[in-house]
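Take a look at the structure below.
What you see is a predicted model, and the numbers here were worked out from it, not measured in a lab.
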Protein chains: 2
Amino acid sequence: MSRTPPHPTRDQIELPLLLDCLSDPTRLAIVYNLSRHDPAATELRCGDFNAFSGKSNLAYHFAKLREAGVIQTRIAGTTRYMKLRRKDLDARFPGLLDAILKSATRDAERLQFPECEVVSAA
Amino acid sequence: MSRTPPHPTRDQIELPLLLDCLSDPTRLAIVYNLSRHDPAATELRCGDFNAFSGKSNLAYHFAKLREAGVIQTRIAGTTRYMKLRRKDLDARFPGLLDAILKSATRDAERLQFPECEVVSAA
DNA sequence: CAATTAGTTCAATAAATATTGAACATTGGA
DNA sequence: TCCAATGTTCAATATTTATTGAACTAATTG
């Protein structure tokens with residue numbers, strides 16, 4: 001079947017939820033890594049983040065990100081591909097995601113983001 | 001004596017803490033109201049926010065905002081005057097506060113921010 | 001000095017969030 | 001069909017955060 005899990009519409013994205021989502025270090029690290037691979041329109045797999053935490057904990061954080069409207073999850077076979085909802089976020093809150101990502105990039109060293117090990121192919 | 005409470009230096013302001021601070025509806029409402037009075041360089045008093053919550057709960061939120069580097073608290077006599085640390089925040093994370101405030105303004109109605117009752121004089 | 005005003009601090013509780021491991025589901029391949 | 005791989009879901013626990021009221025501190029005023 002390969003149903004996609006439920007995502008909020010663009011309009012349903014809420015500011016406090018979005019900020020809360022990105023205030024968590026693990027989730028910010030995920031989004032930061034997604035953003036650095038996203039320009040090439042590349043999606044990442046859940047498994048690419050296994051260095052960040054345990055699988056079930058990651059599933060928890062991915063669900064939060066999805067429910068807050070930060071990422072789009074696509075199921076293909078046995079793997080989930082995720083990407084940032086850049087367009088939706090920027091339409092809903094212009095400049096916000098960019099400002100956060102720029103801030104995160106600026107502080108990347110201080111924040112000690114783990115790097116994901118990309119195994120996925122396009 | 002009138003000691004000022006401890007504030008982080010500009011450099012000590014941390015992104016996750018900042019986002020977490022602003023993800024709370026009560027604190028976002030406080031910051032939103034501060035921002036709308038701040039252009040005139042006006043400070044607001046704790047008491048101006050009494051409609052938002054109980055005094056001790058407000059003290060808790062003000063402390064969080066202060067410790068995260070969002071606001072500057074100045075004690076004068078028996079009242080505390082607060083203002084946004086716009087310059088510091090914008091130096092530390094360029095464009096971030098503006099983007100958040102713009103987003104909050106855009107969603108002001110949806111977020112149902114209470115309005116503070118300004119009693120203070122300049 | 002007693003009373004008032006402004007706000008903090010503390011202790012207790014409530015509520016929300018994060019973390020872990022085990023069991024489960026789904027898909028693809030041998 | 002059976003096995004391995006990828007993630008999810010659930011239940012239990014741990015941790016953090018928010019809320020409340022009472023007691024307290026400091027400054028001002030009569």
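Rounding to whole angstrom units, CG of residue B/D48 and P of C/dA6 are separated by 10 Å. Nucleotide C/dT17 holds its P atom 14 Å from the CG atom of A/L19, rounded to whole Å. Distance CG (B/L65) to C1' (D/dA18): 14 Å, rounded to an integer number of Å. Between the P atom of C/dG7 and the CZ atom of B/R74 lies a distance of 12 Å, rounded to the nearest Å. Spacing between atom CD1 of B/I75 and atom C1' of D/dT28 amounts to 15 Å, rounded to whole angstrom units. For B/E67 and D/dT16, the CD to C1' distance is 15 Å, given to the nearest whole Å. Rounded to an integer number of Å, the gap from B/R80 CZ to C/dT9 C1' is 11 Å. As a whole-Å value, the separation of B/F52 CZ from D/dA18 C1' is 17 Å.
Contact annotation for B/S56: base contact, defined as any heavy-atom pair under 4.0 Å involving a base atom.
Under 4.0 Å is where a charged nitrogen must lie from a carboxylate oxygen, and between B/R92 and A/D107 at least one such pair does. Contact check on B/D11 versus A/R110 returns a salt bridge, with a Lys/Arg side-chain nitrogen under 4.0 Å from an Asp/Glu carboxylate oxygen.
In the set D/dG7, C/dG7, C/dT19, C/dT19 carries the atom at the smallest distance from any side-chain atom of A/N57. Comparing C/dA6, D/dA18, D/dG7 by their closest approach to the side chain of B/T79 singles out C/dA6. For B/S53, counting side-chain heavy atoms from C-beta on, the closest listed nucleotide (C/dG7, D/dT20, C/dA18) is D/dT20. Nearest to the side-chain atoms of B/T78 among the listed nucleotides C/dA6, C/dT8, D/dA18 stands C/dA6. Comparing atom distances between the B/D24 side chain and each of D/dA18, C/dG7, C/dA18 picks out D/dA18 as nearest.
Put simply, CZ on A/R74 and OG1 on A/T79 are 7.5 Å apart, with the number rounded to the nearest 0.5 Å. Between the NE2 atom of B/H37 and the CE atom of B/M82 there is a distance of 11.0 Å, given to the nearest 0.5 Å.
Here B/K55 does not reach the OP1 or OP2 of D/dA22: none of its side-chain N or O atoms lies under 4.0 Å away. Remark: B/H61 is in phosphate contact with D/dT19, judged by side-chain N or O atoms under 4.0 Å from OP1 or OP2.
Proximity of A/P5 to A/E67: side-chain heavy atoms (C-beta onward) are nowhere separated by under 4.5 Å.
Along DNA chain C, the nucleotide nearest B/Y60 and the nucleotide nearest A/R27 are compared for position; the residue whose nucleotide lies closer to the 5' end is B/Y60.
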